[in-house]
Asker: 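Pasting a structure here, questions to come.
In what follows, chains are A, B, ... by sequence order, proteins preceding strands, each numbered from 1. Hydrogens, waters and symmetry mates are skipped; everything else that's a heavy atom, side chains included, is used.
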Amino acid sequence: MPLLDVRDLSVVFQRKGTAPVRAVDGVSFTVEPGQTVGLVGESGCGKSVTSLAIMGLLPRRGNKVTGEVLFSDTDLLKLRPRDLRDWRGRDIGMIFQDPLSSLNPVIPLGVQVAEVLERHQGRTRQAALKQARGLLDAVGIPDPARRLKEFPHQLSGGMRQRALIAIALACKPRLLIADEPTTALDVTIQAQILTLLKELVDDSGTALVMITHDLGVVAGLCDTVNVLYAGKVVERAHRHDLFAEPRHPYTHGLLQSVPRLDADRGERLHQIRGSVSDNIPWSEGCAFAPRCDRVIDDCIGDTVPLEPTYRAGALRCTNPVPKEVPV
Amino acid sequence: MSDALVEIDDLKVHFPIKSGLLFDRTVGYVYAVDGVSLKISRGETYGLVGESGCGKSTLGRGLLRLVEPTSGRITFDGTDVRALSGERMRLFRRRIQMVFQDPMSSLDPRQSVESLLVEGLKAQDLHRNKAEAQKRLRSTLDSVGLPASALTKYPHEFSGGQRQRIGIARALVLGPELIVADEPVSALDVSIQAQVVNLLGDLQDSLGLTYLVIAHDLAVIRHISDTIGVMYLGSLVEEADADQLYERPLHPYTRALLSAVPIPDPRVEDRRERMLLVGDLPSPADPPSGCRFRTRCPWSQTRCAEERPVLRVFDDSGQRVACHFAEQIHSGELTPHEVRAELVRPGADAAPAVDNELIPTRTDLPTQ
Ligand SMILES: Nc1ncnc2c1ncn2[C@@H]1O[C@H](COP(=O)(O)OP(=O)(O)O)[C@@H](O)[C@H]1O
Ligand SMILES: Nc1ncnc2c1ncn2[C@@H]1O[C@H](COP(=O)(O)OP(=O)(O)O)[C@@H](O)[C@H]1O
Ligand code: SF4
Ligand code: SF4
Ligand SMILES: [Mg+2]
Ligand SMILES: [Mg+2]
């Protein structure tokens with residue numbers, strides 16, 4: 001049984017006087033215990049809104065969330081806010097791109113870590129602080145005893161992200177959701193944080209949902225990858241399949257358009273034409289059609305369904321990139 | 001070398017850190033660029049790479065004198081740029097243009113594309129002949145792949161990639177010889193990045209432009225550059241031909257940087273050996289003595305704390321490296337040791353929120 005089973009999740013933003021925005025449009029995916037699942041796609045495709053909806057962190061007003069978010073069989077969307085708060089932090093941890101906005105600027109770090117332990121594990125302050133020190137140490141923060149008394153602004157971006165990871169993993173949650181956790185960091189610091197995350201989830205058996213726009217980050221980390229485009233999953237595959245044989249023209253185009261550090265320096269990069277502003281609504285066919293090299297008549301008219309492929313993969317395309325035929 | 005369009009010699013840009021109620025007391029300096037020498041050949045793309053805060057943008061802006069260098073020489077096509085002033089400086093500006101990272105924040109939202117482009121022409125007195133100016137605007141837009149109808153539109157009516165095309169058009173309209181592009185694609189989505197990278201390449205081919213491209217993304221830099229310079233804390237630590245740098249990185253920092261860049265291929269990622277750096281980048285207001293990289297370098301020796309390595313030619317390939325022990329590290333004679341993380345405080349070296357203005361720098365550097 002999957003640990004997390006997101007079924008047909010949709011989020012529509014609706015403000016007075018403006019047209020509704022369907023930010024997430026029937027997204028389904030599952031996460032098995034201990035598995036690392038990637039959500040990738042370009043900015044605005046609905047990654048963050050998906051994660052906020054799962055966690056019940058969207059603003060109360062101005063949006064409508066439908067579908068199911070089953071976490072060990074409990075539908076998180078049906079929980080009362082107070083009960084959901086108990087799940088968050090205890091069973092599900094989160095880290096975001098900007099650790100400063102998730103840390104309280106006026107409370108010492110140690111107290112912030114300790115509070116999570118007190119709240120969810122009933123520790124005394126003293127026991128919790130002691131444990132907090134061990135946690136800061138485990139995430140590689142130098143001289144943790146001293147750091148406990150310090151405030152977030154006294155730490156660098158990389159150290160803050162480590163502190164946030166310590167908080168998120170304090171109660172050994174079964175699931176960690178990380179939304180672009182390294183996007184704001186320099187590449188050498190990103191490498192440190194990704195290595196740390198990988199070690200921690202491997203050791204603790206925590207499942208991880210990794211949200212990123214960076215295909216390189218996904219390649220080294222995720223078991224299964226979901227590619228999102230305009231609010232929908234367009235392709236899902238095991239990472240080896242996805243990178244070796246992307247079938248969706250969008251995935252295929254993306255992989256070809258990134259310059260690779262290890263590839264021959266070709267003359268021109270492959271480019272996907274147009275931009276997301278050229279999309280058509282999913283209700284009128286494939287949203288990607290105006291930008292697609294492989295578009296055919298069947299792509300326009302009805303919504304293109306997500307069809308299962310092998311190894312629990314899935315594909316939303318009427319004219320996918322052919323599989324490579326071995327010569 | 002006579003084919004050098006730009007020669008930078010021991011350039012320093014130090015920003016004073018002010019304190020006191022009226023910010024009138026200088027309590028220290030941010031050594032943003034601290035002795036960089038490089039040459040950019042005519043028609044080539046020189047890529048400058050390094051992590052945030054290492055001084056890339058300051059170097060680019062110092063070259064245009066958008067910030068006044070503290071010391072050093074800048075020669076552009078034989079002209080001593082730092083000696084220019086008044087009218088001569090104004091006319092000179094036309095020859096070097098800049099493209100910025102965030103097209104939206106570098107474009108005034110209240111100005112139509114036409115007025116954005118004309119602005120540059122005005123500054124150079126090239127707008128008087130209306131018909132000529134119009135022709136110029138249209139052909140420039142055409143060269144960046146935008147229709148003439150874009151002229152009457154405003155920046156917010158365009159997507160990110162199109163806005164960057166406008167930013168490039170604005171730089172091109174004056175017919176510059178050198179374009180300094182500061183993170184030209186970092187704010188763009190991957191699928192759009194490729195469009196802009198290709199456009200820059202096409203323009204270089206058709207117009208014979210010389211580029212200084214500044215970026216933190218080594219994969220992008222490697223793709224577009226002929227020569228790459230790697231910066232760390234205000235210094236150039238290594239410089240090589242783009243392929244050579246990847247095949248034979250000599251400086252420990254370059255090695256770490258190369259090994260940290262994720263590669264979108266699971267087969268490669270699974271087999272890669274990472275050289276993880278310990279700790280954070282030190283503050284450029286308080287750089288380590290000797291080699292700036294020594295606090296994170298797994299090969300550092302006593303000498304590294306005492307003596308600052310100079311950028312020197314390594315061998316016939318022309319590759320340059322600033323490391324005392326490049327030969328011994330390369331041959332394996334010197335082996336890496338463990339490094340303890342030093343805590344780095346986010347500090348007073350943060351840049352103030354002013355952009356594109358002339359910012360006071362230290363100009364009273366005592367001669368050593
Ligand atoms: N609070 C909001 N109100 C209205 N629209 C929103 C809101 N938050 C996000 N959106 C829209 O939803 C879409 C998906 O956003 P997001 O999930 O943040 O994308 P990303 O994949 O970059 O994380 C975007 O088009 C965005 O403009
Ligand atoms: N106008 C300024 N005043 C003071 N410090 C500055 C100014 N501009 C940049 N700096 C500082 O100089 C250093 C180098 O900055 P910058 O050249 O922008 O680096 P990069 O472009 O490599 O990220 C940083 O520490 C930055 O905070
Ligand atoms: S459904 Fe059609 S338009 Fe959409 S990605 Fe597939 S081939 Fe292209
Ligand atoms: S000079 Fe010393 S500290 Fe600097 S890079 Fe070389 S070995 Fe490392
Ligand atoms: Mg997001
Ligand atoms: Mg910069």
Asker: Heavy-atom distance under 4.5 Å to chain A: side chain of B:N198, backbone, both or neither?
Answerer: both

Asker: Find the one option among A:S277, A:G253, A:S257 whose heavy-atom pairs under 4.5 Å with chain B are most numerous.
Answerer: A:S257

Asker: Considering only heavy atoms, which portion of B:R340 lies under 4.5 Å from any heavy atom of chain A: side chain, backbone, both, or neither?
Answerer: neither

Asker: Name the region of B:R222, side chain, backbone, both or neither, that has any atom closer than 4.5 Å to a heavy atom of chain A.
Answerer: both

Asker: Go through the atoms of A:R160 and report whether side chain, backbone, both or neither lie under 4.5 Å from a heavy atom of chain B.
Answerer: side chain

Asker: Atom CD in B:E269, atom CG in A:L194: separation rounded to 0.5 Å?
Answerer: 9.0 Å

Asker: Looking only at non-hydrogen atoms, find the nearest pair between A:Q271 and B:Q195 and report the distance.
Answerer: OE1-CA, 3.5 Å

Asker: What part of A:Q154 lies closer than 4.5 angstrom to a heavy atom of chain B: side chain, backbone, both or neither?
Answerer: both

Asker: Evaluate the side-chain proximity of B:D280 to A:M159: yes if any heavy-atom separation is below 4.5 Å, no if none is.
Answerer: yes

Asker: Side chains of A:R268 and B:D202: does their closest heavy-atom pair fall under 4.5 Å?
Answerer: yes

Asker: Does a side-chain N-to-carboxylate-O contact under 4.0 Å join A:R239 and B:D270?
Answerer: yes

Asker: Restricting to non-hydrogen atoms, name the atom on B:H223 and the atom on A:P259 that form the minimum distance, rounded to 0.1 Å.
Answerer: CB-CB, 3.8 Å

Asker: Could you give the distance from NE2 (A:H213) to CG (B:D189), rounded to the nearest 0.5 Å?
Answerer: 7.5 Å

Asker: Between CD1 of B:I192 and CZ of A:R273, what distance do you get to the nearest 0.5 Å?
Answerer: 12.5 Å

Asker: Counting only non-hydrogen atoms closer than 4.5 Å, does B:V278 touch chain A with its backbone (N, CA, C, O), its side chain (CB onward), both, or neither?
Answerer: backbone

Asker: Most heavy-atom pairs under 4.5 angstrom with chain B, which of A:L255, A:I141, A:V258, A:D143?
Answerer: A:V258

Asker: Within a reach of under 6.0 Å around CZ of A:R15, are more than 12 heavy atoms found that belong to other residues, nucleotides or ligands?
Answerer: no

Asker: Quick check on the interface: out of B:D243, B:V197, B:L218, who has the most heavy-atom pairs with chain A under 4.5 Å?
Answerer: B:D243

Asker: Assess whether atom CZ of A:R133 is packed by more than 12 heavy atoms of other residues, nucleotides or ligands within 6.0 Å.
Answerer: no

Asker: Chain B heavy atoms under 4.5 Å from A:D214: which part of the residue, side chain, backbone, both or neither?
Answerer: side chain

Asker: Looking at A:R147, A:Q190, A:Q256, which has the largest count of heavy-atom pairs under 4.5 Å with chain B?
Answerer: A:R147

Asker: Side chain, backbone, both or neither: which part of A:L155 has a heavy atom under 4.5 Å from chain B?
Answerer: both

Asker: For the interface with chain B, which of A:D262, A:I189, A:I272 has the highest count of heavy-atom pairs at distances below 4.5 Å?
Answerer: A:D262

Asker: Considering only heavy atoms, which portion of B:S191 lies under 4.5 Å from any heavy atom of chain A: side chain, backbone, both, or neither?
Answerer: both

Asker: Examine the side chains of B:E51 and A:T188 and answer whether a donor and an acceptor come within less than 3.5 Å of each other.
Answerer: yes

Asker: Please say which of B:I221, B:V261, B:V220, B:D217 ends up in a side chain to side chain contact (heavy atoms under 4.5 Å, CB included) with A:L261.
Answerer: B:V261

Asker: So how far is it from B:L276 CG to A:Q192 CD, rounded to the nearest 0.5 Å?
Answerer: 6.5 Å

